[in-house]
Every structure is written in C-alpha cells, then in structure tokens.
Amino acid sequence: MTPSSPLLQALTRDELLAIADYFSITVADRRAKAPLLGAIAGIKDARLGEALATLPRDRLKELCRELGLDDSGREKSALVERLRRSGRAPSEAAPAPRRPPPSKPHARGNGGAESDAVVGFEEKLWQMADKLRNNMDAAEYKHVVLGLVFLKYISDAFEEKHAALEAEKKSGADPEDPDEYRAENIFWVPKEARWSFLQGKAKQPTIGKHVDDAMVAIERDNTTLKGVLPKDYGRPGLDKTRLGELIDLVGTIGLGSEEHRSRDVLGRVYEYFLTKFAAAEGKNGGQFYTPRGVVRVLVEMLAPYKGRVFDPCCGSGGMFVQSEKFVEAHGGRIGDVAIYGQESNHTTWRLAKLNLAIRGIDANIAHGDAFHADGHKDLKADYVLANPPFNDSDWGQARVKEDVRWKYGVPPAGNANFGWVQHFLHHLSPAGIAGFVLANGSMSSQQSGEGEIRKAIVEADLVDCMVAMPGQLFYSTQIPVCLWFLARDKKNGLGGRGKKMRNRQKETLFIDARKLGTLVDRVHRELSDEDIARVADTYHRWRGDGAGKYEDVPGFCRSAKTEEIASHQVVLTPGRYVGAEEVEDDGEPFEEKMKRLVATLEEQFAEGARLEKEIRKNLRGLGYGG
C-alpha cells in the first residue's frame with residue numbers, strides 16, 4: 001500500500017496516529033500527516049485490517065461510503081475486508097462488490113453553474129439545517145440549532161446508560177435513579193426531555209413549548225447546566241413546522257450509537273456548525289469563534305500535556321477542545337489537564353458551556369468581564385491560551401487605572417491590547433507559558449505608551465517567540481494577526497512530555513509564517529497539517545524539547561538576542577529579523593543573464609510597436625484616428 005492510497009488518505013491524522021501506536025511504529029514527526037502516511041504504508045494489508053477493526057462500525061461504514069464501497073451489513077469484519085481490499089494495488093485486489101456511486105448534492109454558484117463536489121457528513125447536515133433557517137438571522141438561528149444538537153447528545157448518552165441499567169434490573173439496578181447516571185458523569189434526562197418523547201411531538205404545533213419544558217427540566221435536575229440552555233423555542237416568531245423538521249433532522253445524528261459514537265459525531269457537528277455560523281455572521285462571528293487552524297498552532301506550540309490551562313476570553317471554548325484533543329492525540333491523560341476560563345458575553349458563555357459539556361470536558365468557566373470582575377483572581381496557570389478582542393477601545397481603563405496587574409505600565413484607555421497581555425502575565429505560574437493572538441500593530445505600536453510597555457516586557461526577558469501569521473484566516477476581520485508566546489522562566493522549564501527545555505535567556509525566536517496556508521475561497525485561508533507542524537516543530541527544536549537541531553532559515557525563522565531587539569526600538573515584527581528568503585542560484589553568470597534579458601526585452605518592445613501600428617491601422621479603417 002502506498003501513502004497515496006485512497007484508504008490511507010481518507011483516515012484522519014488521529015486515526016493514523018492510533019494505527020502507528022497499535023503497531024508500535026515510531027514516527028519522528030507525529031504532528032503532520034505525511035510522515036504518518038509514509039510509516040503506515042509499509043504495513044501489510046492483512047495486518048492493517050487488525051487496526052481498522054478497532055474503529056467503530058459506523059466510522060467503517062463512513063469510510064466505505066467515502067471510497068465508493070458497499071457499506072451494507074452489520075458485521076465489522078465484512079466492512080474491514082472491503083476497506084482492506086480497496087487499499088491493494090490493482091493487480092492484487094480481488095473484485096469487491098460495489099454499489100453505484102451515490103447521487104451527489106448540487107450547489108449553485110454565483111454564475112448558476114452546478115458543482116457536484118463530494119460533500120462531507122457535517123456539510124450535508126449544515127445544508128439541510130440552513131435550508132430550514134428560512135429568513136431567520138444566523139445569530140438567532142445558531143442557538144435554535146445548537147441547543148437541539150446538545151439535547152440530542154445528552155439524550156443519546158442517557159439512553160445508552162438507561163438500556164444498560166434495564167439489562168441489570170435483576171441485579172438491583174434502577175434505570176430511573178438519577179444517581180446511577182451522575183455517578184458516571186452522565187446528565188440525568190427526565191422523561192419529558194428525552195429525545196424519543198420530543199421527536200414524537202415534532203409534528204404538533206405545541207412542539208416549541210415541549211422543547212422549552214424539556215430545557216427547563218434538564219436545568220432543574222442538573223445544576224451545572226443552570227442558566228445555560230436556550231429556552232425560547234415556543235416564541236411566536238419561530239416557525240413550528242420548520243422546528244419540527246429540524247428536530248427530525250437532528251434526530252438522524254448518532255443513531256445506532258456504538259462505543260460512544262454519538263459523542264464524537266455530535267462533537268464534530270457542533271464544531272462544524274460553530275464554524276459555519278461564524279462565517280454567516282461575519283464580523284460578529286469573531287466574538288465566539290477562533291479559526292481551528294489558529295487554535296491548533298497555539299496548542300501545538302504550547303503543548304499543554306499537564307497542568308492548569310486558562311483562557312480569560314474563551315469565546316465558545318475552542319482552545320479547550322483543541323487542548324484536550326492534543327493531549328489525547330499524544331498519548332496523555334485528559335485528567336492531567338485542568339481547565340479554567342472566563343467569557344464576558346453571556347450568550348457566548350452559554351455556547352462554551354454547551355460545547356464543553358457535549359464532549360464531557362469538565363471546566364470551570366466564569367461569566368463576567370475579565371478586567372473588572374476577574375472570575376479567577378487567585379489562579380496561577382501553567383498555560384494561557386487566548387484570542388482577546390482586537391484593539392478594544394472601550395474597555396473601562398479609568399476604573400482599573402491603579403490595578404496591580406499593570407506591572408509593566410498602565411495600558412492606554414483607547415486600546416486594551418496591553419491590558420490583555422498583562423492580564424495573561426498576571427495569571428501565569430512561575431514556570432508558566434502564554435500563547436495568544438493579537439493584531440499586528442501590537443508588535444510595533446509606539447503610541448499612548450504601548451511602546452514603553454512592550455519595552456518593559458522585552459527587558460524583563462518574557463518574550464519567547466513571535467509568529468507573523470498569514471492574512472485572511474479569520475471570519476471576523478481582515479486585520480493581519482500575530483501570535484505572542486511569553487515565558488515566565490526561560491532558564492529551563494519542562495516542555496512536551498516533560499522534556500527539559502534549554503536555557504533561552506536573552507533570546508527570542510521570530511517566525512514569519514505569512515506565506516503559509518491555502519486560499520479555500522476568495523476571502524478565507526486555511527492552514528494545513530504540514531503548515532501547523534512546520535511552525536510548531538521549529539519552535540520546539542529551538543526551545544530544546546523537539547526532535548532534531550534548530551537552524552535559522554532565511555525568510556522564515558531566526559533566533560535573535562535581546563540586544564538586537566533593542567537596536568530595532570523593541571519592534572517585534574518577525575520580518576525585521578528573519579531577512580529575505582534565499583534565492584536559488586540558477587548557475588547562469590550575471591553578464592550572460594543580463595544580455596539575454598535585454599534581448600528578450602528588445603523583442604517585446606518591437607512586438608509592442610508592431611501591435612500598436614496594427615491597432616492604429618484598424619482604427620483608421622473604422623474612420624477613427626489620424
């Protein structure tokens with residue numbers, strides 16, 4: 001099997017990692033997909049079948065559909081065999097039964113042409129849900145859809161446990177005892193809130209009231225959800241026929257739950273819908289959503305394997321989700337990471353609570369303004385991950401002007417950027433590291449005392465790394481952004497998997513990643529796994545807890561001393577330090593190249609003159625020109 005095998009290409013990075021671990025294959029770079037593909041391609045297809053058999057049956061069916069294979073039947077062994085055969089070279093492969101390719105959904109572009117691109121599971125659900133939105137504003141519809149997705153998740157988890165308790169009734173188990181569920185971190189769902197009950201009422205005009213009653217009952221019986229769930233499905237402005245159709249649609253997610261499949265599928269759907277709603281809301285979408293690629297760069301660079309993770313402006317909780325995914329993907333234990341957050345917007349705070357609950361992530365998320373009502377005053381975090389509001393000009397500086405957090409200077413009233421930077425530093429433990437997103441202006445601004453604050457932070461030797469990011473990554477703004485990494489202790493400290501980092505005192509790494517990423521449409525760019533791995537691996541090699549030796553790469557990365565930064569007026573823009581990318585020498589002597597280029601230019605001048613004469617001649621023939 002080759003790395004380009006459709007089967008291997010269809011597997012996710014996490015699935016490839018699991019296969020590598022299953023066969024105890026050592027892969028130098030576990031962050032990128034390409035090295036994993038290369039390592040796994042050598043496994044004989046019969047043995048690969050063993051690893052595939054560990055995947056849930058519904059994931060095997062999904063892979064079969066992606067590869068155009070028959071996905072019928074309940075036996076996992078038959079599904080594995082079809083997938084295994086699909087990975088063989090043509091000469092080896094025995095003919096496998098195939099179903100006709102499924103009809104593909106058509107989407108009309110601006111020109112009216114039809115596109116029959118294969119659309120993923122989440123996208124199909126989104127297209128159907130969006131069709132039901134009708135004229136409702138995306139910001140409003142978001143809560144209607146995501147509230148139902150969450151309700152379906154907790155109902156699925158409840159029903160799975162309920163069935164298990166029913167089977168153990170003779171041994172004294174009570175399926176209607178709430179404590180049986182709470183003991184296993186499963187939400188208790190009263191009868192009037194169970195999905196089967198609601199779906200049975202979906203066609204009735206009173207369905208909105210039934211959903212509201214369900215949400216009230218769940219909050220009543222589960223104190224951690226108090227004040228979190230949406231409860232306005234019964235309002236007159238919400239079309240009850242469309243609501244019923246939406247309930248039927250959400251009811252198709254996660255059916256036939258096996259090995260907690262519903263949690264994974266619903267988590268994927270929830271994250272995907274957040275992305276699409278952020279795009280639909282445009283600028284306002286940035287209030288609750290940070291693009292996944294940006295979050296992954298932060299998480300992969302910080303490598304939060306163990307300790308307290310804090311995000312004081314957490315939006316919908318994406319930083320926490322990716323942190324937990326990182327720990328799982330790298331063989332760590334979820335319980336080793338404690339999560340703390342804060343969000344000032346109550347609506348967005350509710351989104352975060354649901355987003356984390358749908359994945360079973362236990363977190364302490366406070367509601368309130370971090371500057372004026374710090375929800376975690378005494379917290380000293382090992383990692384701070386954040387994407388604060390850019391250039392916030394109305395943050396109430398006058399009320400906190402004498403605050404203990406402003407150790408490096410009072411932030412200006414007209415811009416909260418360095419208020420956030422110092423808030424992060426205030427909450428770092430003695431060996432803590434912070435990674436966060438800011439507008440590019442934060443690297444060079446000299447106005448209103450910002451340059452002096454930045455200078456004080458640099459002189460305190462806190463700046464570990466600066467990354468200039470590509471443009472067009474955000475739905476909410478086209479402002480170019482950068483990533484800051486601040487370290488309390490640059491002498492050594494522990495990095496990934498507890499590996500000791502080298503002494504980096506009076507040094508800062510600069511990475512210019514502006515050329516990375518691929519445009520996915522006219523206005524949005526995404527980072528690939530390889531892009532993310534390139535940036536993160538460079539940082540880990542530089543600080544001493546990565547594989548291989550660090551080297552400066554002209555045009556991309558460079559390690560600079562604090563004295564050099566001071567000579568640049570403490571401007572932290574990576575482009576000032578990394579220099580120009582090396583141009584490959586083509587071996588042609590300069591004199592010969594100039595003669596050739598000048599000759600080509602003369603030919604183009606001559607051709608231009610000829611075309612001009614021809615155009616003038618045609619104009620005269622039409623009665624125009626001299």
Side-chain angles (χ1 to χ4, degrees), residues 122 125-126 128-129 132-133 138-161 181-182 185-190 192-199 202 207-208 210-234 238 243-244 246-255 257 260-278 288-289 314-318 320-321 324 341 343 346-363 365 367:
E122 299 97 324
L125 280 173
W126 167 259
M128 290 188 282
L132 295 173
R133 174 157 70 104
E140 186 182 5
Y141 190 57
K142 168 174 78 235
H143 301 291
V144 173
V145 175
L146 295 178
L148 291 175
V149 170
F150 178 76
L151 193 57
K152 178 65 167 62
Y153 158 65
I154 63 170
S155 189
D156 273 9
F158 172 87
E159 293 291 357
E160 193 169 38
K161 180 64 178 172
Y181 300 86
R182 291 170 186 144
N185 259 343
I186 295 171
F187 292 109
W188 165 257
V189 182
E192 68 270 28
R194 294 173 194 173
W195 194 262
S196 53
F197 174 83
L198 293 172
Q199 195 148 15
I207 182 58
H210 286 301
V211 176
D212 285 341
D213 291 345
M215 297 294 191
V216 169
I218 289 168
E219 284 195 2
R220 179 194 66 219
D221 293 346
N222 300 274
T223 54
T224 57
L225 295 176
K226 189 77 175 169
V228 170
L229 303 179
K231 296 178 284 291
D232 51 359
Y233 290 87
L238 185 60
L243 176 59
L246 188 59
I247 287 171
D248 286 338
L249 170 62
V250 174
T252 65
I253 310 171
L255 294 177
S257 174
H260 303 288
R261 168 181 178 261
S262 59
R263 174 178 294 184
D264 296 331
V265 171
L266 283 161
R268 277 169 48 199
V269 170
Y270 197 94
E271 182 175 12
Y272 189 80
F273 277 26
L274 278 173
T275 310
K276 299 299 274 186
F277 279 123
F288 63 85
Y289 187 79
C314 66
S316 56
F320 302 137
V321 172
E324 296 257 329
E343 174 54 42
H346 188 264
T347 301
T348 306
W349 172 80
R350 285 165 48 196
L351 281 180
K353 296 279 282 184
L354 294 181
N355 194 16
L356 298 175
I358 209 166
R359 292 172 170 82
I361 296 175
D362 188 23
I365 311 295
H367 171 241

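For the single chain, residues carry numbers from 1 onward in sequence order. No hydrogens, no waters, no symmetry mates; every other heavy atom, side chains included, goes into these values.
Shown here for Cys314 and Ile365, the closest heavy-atom pair between the two residues is SG-CG2, 3.9 Å. Nearest heavy-atom pair, Thr224 versus Val228, reported as atom, atom and distance to 0.1 Å: O-CG2, 4.3 Å. Nearest heavy-atom pair, Tyr233 versus Asp212, reported as atom, atom and distance to 0.1 Å: N-OD1, 2.7 Å. Closest non-hydrogen pair, Asp232 versus Leu238, comes out as O-CD2, 4.5 Å. Considering every non-hydrogen atom in both Leu198 and Ala214, the closest pair reads CD1-CB, 4.1 Å. Among all heavy-atom pairs drawn from Ala363 and Leu356, the shortest one is CB-CD1, 3.6 Å.
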Practice prompt. Evaluate the criterion side chain to side chain contact (heavy atoms under 4.5 Å, CB included) for residue pair Phe197 and His210; output intermediate values, then yes/no.
Written response: CA-CA 9 Å; Phe197 174 83; His210 286 301; 4.1 Å; yes
Fill in: Trace of the side chain to side chain contact (heavy atoms under 4.5 Å, CB included) decision for Val250 with Trp195
CA-CA 10 Å; Val250 174; Trp195 194 262; 3.9 Å; yes
Practice prompt. Before giving the answer on side chain to side chain contact (heavy atoms under 4.5 Å, CB included), spell out for Leu151 and Val189 the whole-Å C-alpha distance, their side-chain angles and the decisive distance to 0.1 Å.
Written response: CA-CA 9 Å; Leu151 193 57; Val189 182; 5.8 Å; no
Item to complete: Just do the side chain to side chain contact (heavy atoms under 4.5 Å, CB included) check on Val149 and Leu354 with the steps written out, would you?
Response: CA-CA 10 Å; Val149 170; Leu354 294 181; over 6 Å; no
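Under the side-chain hydrogen bond (donor to acceptor under 3.5 Å, both in side chains) criterion, Glu219 pairs with Lys231, not counting sequence neighbours.
Within 6.0 Å of atom CG in Asp248, more than 12 heavy atoms from other residues, nucleotides or ligands are found, so the atom counts as buried in its surroundings.
Side chain of Tyr181 to backbone of Lys161: no donor-acceptor contact under 3.5 angstrom is found. Although no hydrogens or angles enter the test, the distance criterion places no donor-acceptor pair under 3.5 Å between the side chain of Asp221 and the main chain of Trp188. Judged by distance alone, the side chain of Glu343 and the main-chain N or O of Gly315 form a donor-acceptor pair under 3.5 Å.
With rounding to the nearest 0.5 angstrom, the CG atom of Leu225 is 13.0 Å from the CZ atom of Arg220. Distance CG/Asp213 to CE/Met215: 11.0 Å, rounded to 0.5 Å. Atoms OG and CD, from Ser155 and Gln199 in turn, are 9.5 Å apart once rounded to the nearest 0.5 Å.
Put simply, the side chain of Val216 does not reach to within 4.5 Å of the side chain of Leu229, judged on heavy atoms.
Separation of the Phe187 and Phe158 ring centroids does not fall under the 6.0 Å cut-off.
Between His346 and His367, the ring-plane angle classifies as perpendicular under the 30° and 60° cut-offs.
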